[in-house]
2 protein chains.
Amino acid sequence: MSAADLTPATRTSEDVRVANTALVLRTLRADGPSSRAVLAASTGLTKGTVGTIVGRLSDLGAVHEDAPGVAQPGPATRGRPSRPVTLEGSPLVGLGIEVNVDYRAAVALDLAGATQLFTEERGAVGGDRVDVTEVDAFVRRCRRRLEADGHRLLGLCLAVPGLVERDRRVVRSAPNLGWHDLDLAAAVTGGVPAGTPVRVDNDANCAARAEAWVGVASGAEHVLYVTGTVGVGGGVVSDGDVVHGLRGFAGEIGHMRLGDSDERCGCGRRGCWESQVGLLAMLRRVGMPHEPDVDPLLVAEQVARRAAVDADVRAGLALLADDLARGCAVLANALDPGTIVLGGYFATLAPWLLPTVRDRLARDVFAGGCAVRTSTLGLRAAATGAAAHVLSDVFDARVPLPAP
Amino acid sequence: MSAADLTPATRTSEDVRVANTALVLRTLRADGPSSRAVLAASTGLTKGTVGTIVGRLSDLGAVHEDAPGVAQPGPATRGRPSRPVTLEGSPLVGLGIEVNVDYRAAVALDLAGATQLFTEERGAVGGDRVDVTEVDAFVRRCRRRLEADGHRLLGLCLAVPGLVERDRRVVRSAPNLGWHDLDLAAAVTGGVPAGTPVRVDNDANCAARAEAWVGVASGAEHVLYVTGTVGVGGGVVSDGDVVHGLRGFAGEIGHMRLGDSDERCGCGRRGCWESQVGLLAMLRRVGMPHEPDVDPLLVAEQVARRAAVDADVRAGLALLADDLARGCAVLANALDPGTIVLGGYFATLAPWLLPTVRDRLARDVFAGGCAVRTSTLGLRAAATGAAAHVLSDVFDARVPLPAP
DNA sequence: TGACTTAGTTCAAGGGTTGCACCAAACTGG
DNA sequence: CCAGTTTGGTGCAACCCTTGAACTAAGTCA
């Protein structure tokens with residue numbers, strides 16, 4: 001029923017193969033190396049089916065079998081020894097690319113979750129608006145590097161700071177990039193092998209997915225991601241999928257009006273959460289000046305250094321933490337995420353924020369609290385999440401593996 | 001990946017049939033009566049497949065064909081005339097049952113969305129804790145009535161005021177009913193034909209689904225439902241599915257701490273939204289006494305009558321509306337639902353609440369506002385949503401149609 | 001009446017899984 | 001050392017579902 005379906009609505013027997021192959025892949029990821037017999041038992045498929053599926057995966061290089069004759073450690077087992085199959089994803093990778101005003105990053109994740117590529121480029125391309133052909137060229141460079149290393153593309157996902165249509169292809173509005181109603185997916189499709197799925201998603205949503213996939217909340221099905229930069233953004237992962245909302249605005253938590261403050265926000269409204277916990281509000285609280293054009297994370301590191309020696313700075317951060325916790329608690333009550341991941345400058349200042357946030361969440365969350373973690377993905381969060389988007393499409397059988 | 005999967009993980013060719021049959025059903029529901037040829041074109045299936053699927057649906061009584069020879073109105077068409085197929089769901093119904101302390105209700109919805117049964121019983125059964133065998137007996141009575149009328153059960157869903165495990169079968173905690181760790185699904189399975197799917201869900205979540213299925217937000221994929229009784233509850237529908245959260249607490253919006261109020265709440269915390277917009281807070285604002293044991297909706301009707309003639313009451317409701325809107329705006333920013341449905345006593349007092357709520361949402365929601373509707377389902381909302389749960393399982397191919 | 005057009009059915013072919021028979025490769029016990 | 005046992009893995013006929021093309025059905029138009 002989702003408008004973002006990648007596969008056509010009709011089902012054929014090939015979809016059965018795709019779904020069962022994905023099931024085997026999920027099982028291998030969750031349980032680690034397993035023999036065909038164990039796979040058959042834990043998936044519910046017959047031995048014969050597992051045999052053919054593993055055979056195809058092996059042809060693709062997605063799995064490999066341990067050499068025969070290798071004695072297993074542990075107690076002696078009866079019967080013919082098993083030959084475990086291991087998820088060896090490196091030949092197949094999902095490529096995630098973050099596009100920002102003066103920053104582009106690419107991450108390739110293989111099926112086993114390992115990073116096979118990380119590259120970044122700084123500097124603006126194009127004037128008022130980011131040049132799409134430069135993005136296309138970046139995609140082509142990444143593809144060439146991957147193919148030179150023997151990798152094969154499962155799919156491509158682009159993370160952009162803006163609003164994406166429900167078809168996950170068209171950027172409706174990305175003011176920072178100067179893009180409006182731009183079919184970004186079509187613009188870069190030429191740079192990848194024909195048939196490769198190409199998707200576009202919001203950068204904060206991608207970062208949320210990254211945390212739930214390979215980050216500090218790895219494996220969690222329900223995650224709330226809250227990131228602080230100049231603005232405050234977020235992403236909601238529910239049942240393993242990102243919540244987009246009707247128009248793709250879900251996660252615009254920076255403009256929730258929470259307290260009784262009347263502080264003016266950059267968006268023109270008053271009392272937005274962002275005007276209390278955004279970068280500018282933080283600097284005001286700790287009594288430090290705002291220098292535009294300096295990376296928010298560098299600014300936060302300066303503040304962290306000051307906090308280590310200045311009690312007034314720490315007091316300012318404690319007040320900030322209280323407002324941060326207030327918003328997190330509200331969202332935790334509405335969504336019961338189980339885990340909240342703090343990213344952006346919140347992660348940099350975590351030592352001075354976490355205690356207060358945890359205390360207040362334990363007190364104010366109806367479900368009985370909520371784990372709070374700090375992101376370690378840093379700048380590569382969005383690109384990593386975009387790559388994870390590709391992988392989740394494969395593991396959840398929304399996209400088939402390529403033919404051998 | 002969801003823990004609530006109803007179907008086994010392995011896929012077979014039968015799943016293909018189930019999925020394509022569901023696709024045909026969805027198309028018939030969305031587009032109305034259509035010929036096989038039109039169905040083939042709009043679903044993407046071949047004519048042959050549509051023929052066999054429609055044949056099976058016809059055997060089940062789920063669809064019927066118009067009598068041949070009935071001339072179609074409109075311009076003369078060339079070629080063999082089509083024989084449109086109509087969704088005639090009445091033989092197949094989903095049964096939803098709400099269980100509350102001194103109230104039980106049942107609703108049966110057929111595939112076409114028509115209500116084929118509504119019945120309610122008042123009065124407590126059991127002492128401190130609601131007697132499960134009485135619930136089972138109620139299920140059996142409903143089943144007998146349905147079968148006597150020639151209906152067949154597609155599935156059963158029970159809505160309870162409490163927390164439900166992720167398996168959608170076990171009630172973890174329903175304090176009002178006196179239930180803890182009760183396998184409610186198992187307790188009533190004996191009352192329905194063998195093989196009938198049985199599920200349990202939270203009542204507010206069910207009500208939210210009812211609004212998105214047959215209520216004022218019918219057809220919406222993204223809905224936020226907010227209901228006011230003594231407490232304040234809610235439900236989030238995203239991409240057509242209810243968001244449950246990690247522990248099933250999603251939607252416990254009554255205990256969000258929004259403003260800077262320190263009002264004590266019944267839950268022991270301070271500043272909860274419920275303590276500002278719950279029934280007791282409303283009565284306080286309009287200067288009317290709280291009489292326990294009177295149905296909140298009756299109380300609200302009294303208030304409505306007073307509001308019509310008393311400006312002070314209207315002023316109190318205006319203040320309430322402001323706080324109601326504040327919470328709705330926060331949630332709309334986080335989830336971008338597109339539509340908010342107000343239920344419970346909020347619906348009763350809608351004439352005095354809606355203008356303020358709409359104004360404030362238009363101002364405070366980043367996505368550019370949010371439609372606000374008032375529920376018309378009243379007491380039968382939860383049971384209707386439970387029945388809709390069964391139907392959505394069929395239309396989304398999570399549950400197969402029975403064999404003829 | 002006959003050509004044309006559109007609706008619907010029939011049927012061989014192909015892809016996928018199942019379940020069972022069968023082969024393979026170890027250990028156990030005498 | 002060799003048969004017996006146990007467990008891992010493959011091969012194959014049967015079954016289910018969709019596809020696509022050929023074919024039948026039932027109207028309109030000239």
Side-chain angles (χ1 to χ4, degrees), chain A residues 7-24 33-58 63 65-85 397 400-401 403, chain B residues 7-24 33-58 63 65-85 397 400-401 403:
Chain A
T7 47
T10 61
R11 295 276 173 267
T12 85
S13 52
E14 283 180 32
D15 295 296
V16 175
R17 166 174 53 82
V18 172
N20 286 333
T21 304
L23 174 62
V24 169
S34 319
S35 69
R36 289 166 172 76
V38 170
L39 281 173
S42 50
T43 59
L45 296 164
T46 60
K47 292 193 296 180
T49 304
V50 171
T52 62
I53 288 176
V54 168
R56 273 189 296 251
L57 289 174
S58 183
V63 301
E65 288 176 87
D66 293 348
V70 178
Q72 303 300 316
T77 54
R78 317 217 300 186
R80 174 176 170 177
S82 66
R83 206 177 305 181
V85 174
L401 288 171
Chain B
T7 45
T10 63
R11 295 274 174 271
T12 85
S13 50
E14 283 180 32
D15 294 296
V16 175
R17 167 175 51 83
V18 172
N20 287 333
T21 304
L23 174 61
V24 169
S34 319
S35 69
R36 289 164 172 78
V38 170
L39 281 173
S42 49
T43 59
L45 296 164
T46 59
K47 291 193 299 177
T49 304
V50 171
T52 62
I53 288 177
V54 168
R56 273 190 297 253
L57 290 175
S58 183
V63 301
E65 289 176 85
D66 292 349
V70 178
Q72 303 301 317
T77 55
R78 316 215 304 184
R80 175 177 169 175
S82 66
R83 205 175 307 178
V85 174
L401 288 171

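Naming convention: chains lettered A, B, ... in sequence-line order (proteins, then strands); numbering from 1 in each chain.
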Checklist line | Interatomic distance, N20(A) atom CG to T43(A) atom OG1 [nearest 0.5 angstrom] | finding: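 N20(A) CG to T43(A) OG1: 7.5 Å, rounded to 0.5 Å.
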
Note to self: Rounded at 0.5 Å granularity, tell me how far OG1 in T21(A) sits from CD in E14(A).
What the structure shows: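 CD of E14(A) is found 11.0 Å from OG1 of T21(A).
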
Shortest non-hydrogen contact from [X] to [Y]?
{"X": "P84(B)", "Y": "S82(B)", "value": "CD-O, 3.5 Å"}
{"X": "D15(A)", "Y": "T10(A)", "value": "OD2-O, 3.8 Å"}
{"X": "S58(B)", "Y": "V63(B)", "value": "N-CG2, 3.7 Å"}
{"X": "A40(B)", "Y": "V50(B)", "value": "CA-CG2, 3.7 Å"}
{"X": "R36(A)", "Y": "R83(A)", "value": "NH1-O, 4.4 Å"}

Output the rounded distance in Å from [atom1] ([X]) to [atom2] ([N]).
{"X": "E65(A)", "N": "dG9(D)", "atom1": "CD", "atom2": "C1'", "value": "10 Å"}
{"X": "I53(B)", "N": "dT9(C)", "atom1": "CD1", "atom2": "P", "value": "13 Å"}
{"X": "R11(B)", "N": "dC15(D)", "atom1": "CZ", "atom2": "C1'", "value": "19 Å"}
{"X": "L57(A)", "N": "dG9(D)", "atom1": "CG", "atom2": "P", "value": "15 Å"}
{"X": "R83(A)", "N": "dA25(C)", "atom1": "CZ", "atom2": "C1'", "value": "10 Å"}

Phosphate OP1/OP2 of [N] contacted by [X] side-chain N/O (<4.0 Å):
{"X": "N20(B)", "N": "dC17(D)", "value": "no"}
{"X": "T12(B)", "N": "dT17(C)", "value": "no"}
{"X": "T46(A)", "N": "dT18(C)", "value": "yes"}

Enumerate all atom pairs, one protein N or O and one N or O from nucleotides 10-15 of chain C, separated by less than 3.5 Å.
none

Next item on the list: Have a look at L39(B) and tell me which of L45(B), I53(B), V24(B) forms a side-chain contact (heavy atoms from CB on, under 4.5 Å) with it.
Entry: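 Of all the options given, the one that passes is V24(B).
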
What protein N or O atoms touch nucleotides 5-7 of chain D N or O atoms at under 3.5 angstrom, if any, and at what distances?
residue	atom	partner	partner atom	Å
dT7(D)	O2	R80(A)	N	3.1

Margin query: Using the side-chain contact (heavy atoms from CB on, under 4.5 Å) criterion, which residues pair with A19(A)? Sequence neighbours excluded.
Written below: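 With sequence neighbours excluded, A19(A) shows a side-chain contact (heavy atoms from CB on, under 4.5 Å) to A397(A), R11(B), given in chain and number order.
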
Item checked: Of the listed nucleotides dG9(D), dT18(D), dT17(C), the one nearest the side chain of S35(A) ->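 Of the options given, the side chain of S35(A) lies nearest dG9(D).
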
